[in-house]
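Here's the structure we're looking at; comments come further down.
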Amino acid sequence: MLSGLNLEQKAAVEHFGQPLLLLAGAGSGKTKVLTHKIGYLIREKSIKPHRILAITFTKKAAQEMADRVERMLAIKPRSISTFHSFCVRVLREDIAALGRKFDTKFIIYDQTDSKKALKDILKRFNISPKELDAVQKTISKAKQAYRGGIVEYILALPFPQNQYAEAANTYQRELEQSNALDYDDLIHHTTHLFVTRPEVRGKWQDRYDFFMVDEFQDTNEIQYSLIKLLSARNRDNIFVVGDPFQTIYTWRGAVPENILKFGREFNATEMRLEKNYRSTRKILDVANIVIGKVDRIWADKVLTLRTDKEEEGEVEYCKAAEHDEENRRIAKKIMELASTKTRSYADMAVLIRMSFLSRGLESSFMQYGIPYEIVRGLAFYERAEVKDLLCYLRLMSNTRDRAAFDRVVNTPSRGIGKKAVEVITGNFKTDWIQALQDAGFSARQRVSANALISLIMKYGAMVEEKPYTVLMGLIQGLNYLEYVKEQYKEDHEERIENISELCNVLLSIETKGKTFSEFMEDNLLASDQDRISMGESVKIMTVHAAKGLEWPIVFLPALEEGIFPSERSLESGAALEEERRLFYVACTRAKEGLYLSSAGYRMKFGRTSQMLPSRYIGEIKESYFSFGSDSSSSHL
DNA sequence: CTTAGGAAACTTTTT
DNA sequence: GTTTCCTAAG
């Protein structure tokens, strides 16, 4: 269990009997430690595999850990999951104990669903839609803080946030009515359950003997509380891993100080991994230069990455006149590297600060015939035609789902517009079928409403088990393909392609015997990383999505003030610190080659504006090398 | 209630 | 350059 580990890694694996805080730098082999630790606990400490709860940041990380453990021990560990999927597991079992309208078939609202719902509510409360993001953020903050009631928490905030309390309350009631939870609710309601229902808490506490949390710097306040609650009966059997310098999620509530808090409150032993096994020397030098200056509270936690690698590796910076040229140069470099036989396209990734940057890269890669793949969120499931159809299935599966109802009720148009929907909403008692039945309509609307009702009722009973069959019937019943041809004249072929792809996906779900709800849940809890294919292609993705991953060759384009660091971060010191950490994360993804670049001019909102090279370039140049000032491309 | 057309707003980062 | 919003005619 200890073979192939260095001294520090070994010490962390063998440590037992007291909480352990492991500060693990980028590429220092922390996944190795985590998996060997699981193996060690099972083999040496006779802890049952399913009694070890390991929390990771993404499903992909969980999957990878589970695979490695399985290869090592031929045992499939069942309790490696993300915070969100762990909470889903708890709630599927015990949500009734909350004493609300939810039942175990609750659904999860994604960002779009919850934004739509909230937008509607804001109208009713005469709050400007401009404040939508602020309201959503406030609600999220209230849920993450977990100080009793959400409404009370918001009321206690300063103006104008305290004005959002009523809207927040309505939002929560609507979610409940829809049997729906948003991402924050998953964790909030679970914690609430554990706090208020000792018997539920006790049951879950007793299920586990050992706790592990990865990426601890990215936990938020409520996740910390949740872990503390869960481990209360086994306070010594907890192991957390983190790196304060890879904190890149404070904007969504991550509290890196949780690392310090954990050290204090759990009286944890602290260990470090500073030896880097990933990157060559030049790459680490660059990363260390940029991360050099950090907040004082972290002064004694600084990890300086070291390597024994003989190879120097390559770091290059290239300044192009404008973004098209930059993209062309990247494409050329990729072609050049790929032609050497030692490199394949799959060895390379382009990491970007903002997703719109992928467009230019995409068109230049297309021109050069470079196989590429843009890794991004739910793109496919967000296509209008795909979402329409899925919302029909959602509504069949859960006739309380308001977001699905709103989308479906008049798509394709059936004469039930805004006014009519208001009438229906006023009639809502138990579910949308009932509301449709009870609404007073004109004769024509009655006919369409009844058609919709019978369509939903016809398939309602079988949608879970036979989603593909239902989808096919639905497309027929709605004459949906005709509607798409009519509605989207220009690109209807592509859209029909998408629908056909959706059919394929649901067919495979149906053949595998998975239910529709399981399929939806999988998708909603998946991370960007879960959508990366193994294919022979250059991956283009955001730096955030690349966290925890590595490639031999990494390109970092658009290193310009206003892009990286981003425009919005320029006003705040804390935000700039986070940009710096993000840049550090980006650099440390590379094993052998790191290609930095910027452009002098870039298109923004369809206008060309002048750009200055990022401050990070300046810092690297200054402390690293003599640099031909006119040369457009330099080796470091 | 629907549709078409033009204006306005818009880009961080995501489980 | 693209998506969303708004208005007015049918």
Side-chain angles (χ1 to χ4, degrees), chain A residues 55-62 81-88 108-112 114-116 119 123 129-130 132-133 136-137 140 143-144 181-187 215 218-220 222-223 247-254 323 351-360 363 375-379 382 384 409-421 441-442 444-445 448 486-487 489 521-531 541-547 558 562-570 572 575 578-579 581-583 585-586 602-608:
Chain A
I55 304 280
T56 56
F57 198 65
T58 62
K59 270 174 75 169
K60 163 143 189 201
S81 61
T82 64
F83 270 108
H84 294 274
S85 30
F86 171 73
C87 289
V88 168
I108 301 164
Y109 266 18
D110 69 13
Q111 200 100 10
T112 327
S114 81
K115 205 163 223 164
K116 269 222 175 95
K119 197 172 176 185
K123 251 186 229 151
K130 283 192 177 134
L132 179 57
D133 286 334
Q136 203 171 27
K137 223 171 136 188
S140 172
K143 289 175 181 174
Q144 289 185 16
L181 280 73
D182 66 22
Y183 289 123
D184 288 315
D185 284 335
L186 293 175
I187 299 178
E215 306 276 16
D218 282 326
T219 55
N220 60 32
I222 193 170
Q223 288 167 338
T247 306
I248 57 173
Y249 284 108
T250 60
W251 54 272
R252 72 171 202 208
H323 69 280
L351 307 184
I352 50 185
R353 178 62 185 89
M354 290 169 202
S355 27
F356 80 88
L357 293 166
S358 68
R359 282 203 201 123
S363 60
V375 178
R376 72 182 132 206
L378 293 151
E382 252 143 39
V409 63
N410 204 28
T411 327
S413 15
R414 50 170 68 85
I416 301 178
K418 233 167 66 186
K419 280 268 148 54
V421 171
F441 282 145
S442 68
R444 268 173 72 185
Q445 290 177 323
S448 347
E486 188 57 36
Q487 185 77 10
K489 290 193 173 68
E521 186 181 307
D522 275 356
N523 265 311
L524 289 164
L525 297 182
S527 68
D528 280 359
Q529 292 188 0
D530 295 300
R531 302 174 216 279
M541 72 184 85
T542 64
V543 181
H544 283 88
K547 189 178 188 205
I563 301 270
F564 206 164
S566 76
E567 191 89 57
R568 293 210 193 167
S569 69
L570 298 176
S572 128
E578 182 139 316
E579 294 288 312
R581 294 189 298 261
L582 189 61
F583 186 74
V585 167
R602 179 173 301 282
M603 280 277 247
K604 257 180 162 180
F605 295 124
R607 261 170 211 289
T608 306

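Letters A, B, ... are given to chains in the order of the sequence lines, protein chains preceding strands, and every chain is numbered from 1.
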Quick one: [X] [atom1] to [N] [atom2], roughly how many Å, whole number?
{"X": "A:Ile108", "N": "B:dT14", "atom1": "CD1", "atom2": "P", "value": "19 Å"}
{"X": "A:Glu579", "N": "B:dT11", "atom1": "CD", "atom2": "C1'", "value": "13 Å"}
{"X": "A:Met603", "N": "C:dG1", "atom1": "CE", "atom2": "P", "value": "5 Å"}
{"X": "A:Leu186", "N": "B:dT14", "atom1": "CG", "atom2": "P", "value": "19 Å"}
{"X": "A:His84", "N": "B:dT14", "atom1": "NE2", "atom2": "C1'", "value": "9 Å"}
{"X": "A:Gln445", "N": "B:dC1", "atom1": "CD", "atom2": "P", "value": "6 Å"}
{"X": "A:Asp184", "N": "B:dT14", "atom1": "CG", "atom2": "P", "value": "16 Å"}
{"X": "A:Gln136", "N": "B:dT13", "atom1": "CD", "atom2": "P", "value": "15 Å"}

> Which heavy atom of A:Ile563 sits nearest a heavy atom of A:Met354, and at what distance?
Replying inline: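 Nearest pair, atom of A:Ile563 first, then A:Met354: O-CE, 3.5 Å.
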> Which is it for A:Lys115 and A:Asp133 under the salt bridge (charged side-chain N to carboxylate O under 4.0 Å, His left out) test, yes or no, and what are the steps along the way?
Replying inline: CA-CA 8 Å; A:Lys115 205 163 223 164; A:Asp133 286 334; 3.1 Å; yes
Given [options], identify the nucleotide with an atom nearest to the side chain of [X].
{"X": "A:Phe605", "options": "B:dT11, B:dC1, B:dT15", "value": "B:dT11"}
{"X": "A:Met354", "options": "B:dT15, B:dT13, B:dT14", "value": "B:dT13"}
{"X": "A:Ser413", "options": "B:dT3, B:dT11, B:dT15", "value": "B:dT3"}

>> If only side-chain N and O atoms count, and only distance matters, is there a donor-acceptor pair under 3.5 Å linking A:Ser569 with A:Glu578?
In response: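 No, no side-chain donor-acceptor pair sits under 3.5 Å.
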> If you pin A:Ala420 and A:His544 to their nearest nucleotides in DNA chain B, which one's is more 5'?
Replying inline: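 Closest to the 5' end, via its nearest nucleotide, is A:Ala420.
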> Taking the nucleotide of DNA chain B with the closest heavy atom to each, which residue, A:Asn410 or A:Ser566, is nearer the 5' end?
Replying inline: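 In this pair, the answer is A:Asn410.
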>> Using a 4.0 Å heavy-atom cut-off to protein, can you give one letter per nucleotide of nucleotides 3-10 of chain C, 5' to 3': B if the base is in contact, S if only the sugar-phosphate is, - if neither?
In response: --S-----
What nucleic acid atoms does [X] come within less than 4.0 Å of, heavy atoms only: base, sugar-phosphate, or nothing?
{"X": "A:Lys59", "result": "nothing"}
{"X": "A:Glu578", "result": "nothing"}
{"X": "A:Tyr249", "result": "sugar-phosphate"}

>> My understanding is that only residues two or more places apart in sequence, or in another chain, count here; which of them pass ring pair (Phe, Tyr, Trp, His ring centres under 6.0 Å) with A:Tyr109?
In response: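 Here no residue qualifies.
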> For atom P, what is the distance between B:dT11 and C:dC6, given to the nearest Å?
Replying inline: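 To the nearest whole Å, 15 Å.
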>> Measuring to OP1 and OP2 of B:dT13, would you say a side-chain N or O of A:Ser355 lies under 4.0 angstrom away?
In response: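 Answer is yes, contact under 4.0 Å.
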> Parallel, tilted or perpendicular: which describes the rings of A:Trp251 and A:His544, with under 30° parallel and over 60° perpendicular?
Replying inline: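 The arrangement is perpendicular - the two ring planes meet at more than 60°.
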> Is NZ or CZ of A:Arg607 both nearer than 6.0 Å to the six-membered ring centre of A:Phe605 and within 45° of the ring axis?
Replying inline: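 No, A:Arg607 and A:Phe605 do not form such a contact.
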>> Testing A:Asp182, A:Leu181, A:Leu186 one by one against A:Asp184 for a side chain to side chain contact (heavy atoms under 4.5 Å, CB included), which residue passes?
In response: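 With A:Asp184 as partner, A:Asp182, A:Leu181, A:Leu186 yield a single side chain to side chain contact (heavy atoms under 4.5 Å, CB included), made by A:Asp182.
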> Does A:Arg252 make a side-chain donor-acceptor contact with the base of B:dT13, cut-off 3.5 Å?
Replying inline: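 Answer is no: no donor-acceptor pair is held.
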>> According to side-chain contact (heavy atoms from CB on, under 4.5 Å), who are the partners of A:Ala586, at least two apart in sequence or on a separate chain?
In response: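 Once residues adjacent in sequence are excluded, the partners of A:Ala586 under the side-chain contact (heavy atoms from CB on, under 4.5 Å) criterion are A:Val543, A:Leu556.
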> Does the aromatic ring of A:Phe57 sit over the six-membered base ring of B:dT15, closer than 5.5 Å centre to centre and tilted less than 30°?
Replying inline: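 No, A:Phe57 does not stack on the base of B:dT15.
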